[in-house]
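Only heavy atoms go into these numbers, but all of them, side chains included; no hydrogens, no water, no symmetry mates.
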Amino acid sequence: MVSCNLLTVDEEASDYPTTFPAIEFSELDKMNQEYQAANDGHICSTLNKYGFTGYSEIFFENGESPCANRDVVRVEINQTDSLIAAAKAALLKNSIYTGVNDTSKLMITELLPISGCTICEGPGLNNVPIELKITFAEQTIDSNKVIGTDITVVTDAEGVSRIWGNWYSDFESPDFVNFGYEEVQSGMVGWQIDMRRFTGEEAIYTVQENDISGKPERVYLPIENESEQQLEIRTCWAIPVSYSGNSAFNGWIAYVDIEEGFLVDMRAR
């Protein structure tokens, strides 16, 4: 994807980054059954391969979600506050899987009623809100975002039916910065980016000095290390990179590890 010289540093072994190994399926299946039982079988979504409520298809049969054939609770809902409270309570109750230990930190970014029928045949056929989809913002720690950790909860008149996404209750972050953002930004000039992944163009884009400006954010980036079969949480500089090519492409965010100095990921803006 990106051709660049990696920054390196000699460092003694540490607990950084925090890693979560993929769980062997038989153990994960047992955990998932315990999770379902603890929620009276009403939650149809499942755990992922790391044992979190993050989205996964590992328990899909024939490519179909366990939620696809569930019995829908066909009761009209009109008490939004009580459903929000139920969603927060479920995230806290299932904190071992959701990573949520303090519901006061849950900030709502979207409330979306989901409609369906309570009278599904005959002249009184209707279409009313029977579920509420609630999206909570990404986790923040000391004002630093944990990327990709927004949580979606779907509730109905009987409680929470789905949880997608999770936070991380405990992970290690470096005590100091080995690579400051100015040093990282300077080292990014001249990077060569294969555009096929981003725009489909058979072209290589070379990052120019004026493509990199402004102060980056310090963030936490959970990312899968497929070769090690584990999830790692990296502390990174999130560095905006502009694109001045011919297409309307908006550029990238480069995530560079602040302790080890390498490019962890590069994503389109």
Side-chain angles (χ1 to χ4, degrees), residues 20 23 28-121 125-140 145-169 222 224 231:
F20 299 94
I23 300 171
L28 183 63
D29 188 36
K30 182 174 181 291
M31 288 175 61
N32 189 60
Q33 290 180 41
E34 291 171 351
Y35 167 60
Q36 302 294 332
N39 292 279
D40 301 319
H42 192 63
I43 294 179
C44 57
S45 56
T46 64
L47 303 180
N48 66 18
K49 64 182 178 181
Y50 302 107
F52 296 119
T53 49
Y55 181 82
S56 172
E57 297 182 357
I58 195 166
F59 289 107
F60 284 23
E61 293 185 11
N62 301 317
E64 189 171 56
S65 166
C67 294
N69 296 314
R70 69 187 185 88
D71 293 329
V72 178
V73 177
R74 298 194 177 278
V75 176
E76 183 175 2
I77 56 172
N78 47 37
Q79 297 296 323
T80 299
D81 288 346
S82 64
L83 296 180
I84 293 172
K88 291 181 177 181
L91 292 176
L92 184 62
K93 172 185 174 180
N94 294 286
S95 61
I96 188 174
Y97 309 113
T98 67
V100 175
N101 293 308
D102 182 354
T103 58
S104 70
K105 295 181 178 179
L106 290 166
M107 300 292 115
I108 296 172
T109 59
E110 182 184 47
L111 290 176
L112 179 65
I114 301 173
S115 296
C117 59
T118 59
I119 303 172
C120 298
E121 55 185 41
L125 181 69
N126 66 359
N127 189 45
V128 296
I130 59 173
E131 294 180 304
L132 182 67
K133 178 182 174 184
I134 308 165
T135 303
F136 296 101
E138 291 175 316
Q139 180 183 14
T140 59
K145 295 178 183 177
V146 187
I147 301 300
T149 54
D150 50 304
I151 300 176
T152 296
V153 180
V154 178
T155 63
D156 56 34
E158 293 184 3
V160 170
S161 64
R162 281 155 282 183
I163 300 174
W164 291 310
N166 65 278
W167 287 2
Y168 298 94
S169 58
E224 290 194 69
L231 182 76

Test your reading of the model: is there a side-chain donor-acceptor pair from D102 to the backbone of S104, 3.5 Å cut-off? yes

Look at the side chain of T53 and the backbone N and O of W164, then say whether any donor-acceptor pair between them is shorter than 3.5 Å. no

Exactly one of N166, I163, I96 clears side chain to side chain contact (heavy atoms under 4.5 Å, CB included) with F52, and that residue is N166

Could you walk me through whether T149 and E138 pass the side chain to side chain contact (heavy atoms under 4.5 Å, CB included) test, one step at a time? CA-CA 5 Å; T149 54; E138 291 175 316; 3.6 Å; yes

Would you indicate whether the side-chain heavy atoms of F136 and T103 approach each other to under 4.5 Å? no

Where the side chain of K93 meets the backbone of N39, is there a donor-acceptor pair that is under 3.5 Å apart? no

To the nearest 0.5 Å, atom OG1 of T135 lies from atom CG of L112 at 8.0 Å

Would you sort out whether K133 and T152 count as a side chain to side chain contact (heavy atoms under 4.5 Å, CB included), showing the intermediate values? CA-CA 7 Å; K133 178 182 174 184; T152 296; 3.7 Å; yes

Apply ring-ring contact (aromatic ring centres under 6.0 Å, His included) to the pair F20 and Y50, showing each step before the final yes or no. CA-CA 7 Å; F20 299 94; Y50 302 107; 7.7 Å; no

Do NZ/NE/NH1/NH2 and the carboxylate oxygens of E158 and R70 come within less than 4.0 Å? no

Is the shortest heavy-atom distance from the side chain of L111 to the side chain of L132 under 4.5 Å? yes

Ignoring hydrogens and angles, tell me if any N or O in the side chain of E131 forms a donor-acceptor pair with the backbone of V154 under 3.5 Å. no

Sequence neighbours excluded, which residues qualify as ring-ring contact (aromatic ring centres under 6.0 Å, His included) partners of F59? F25

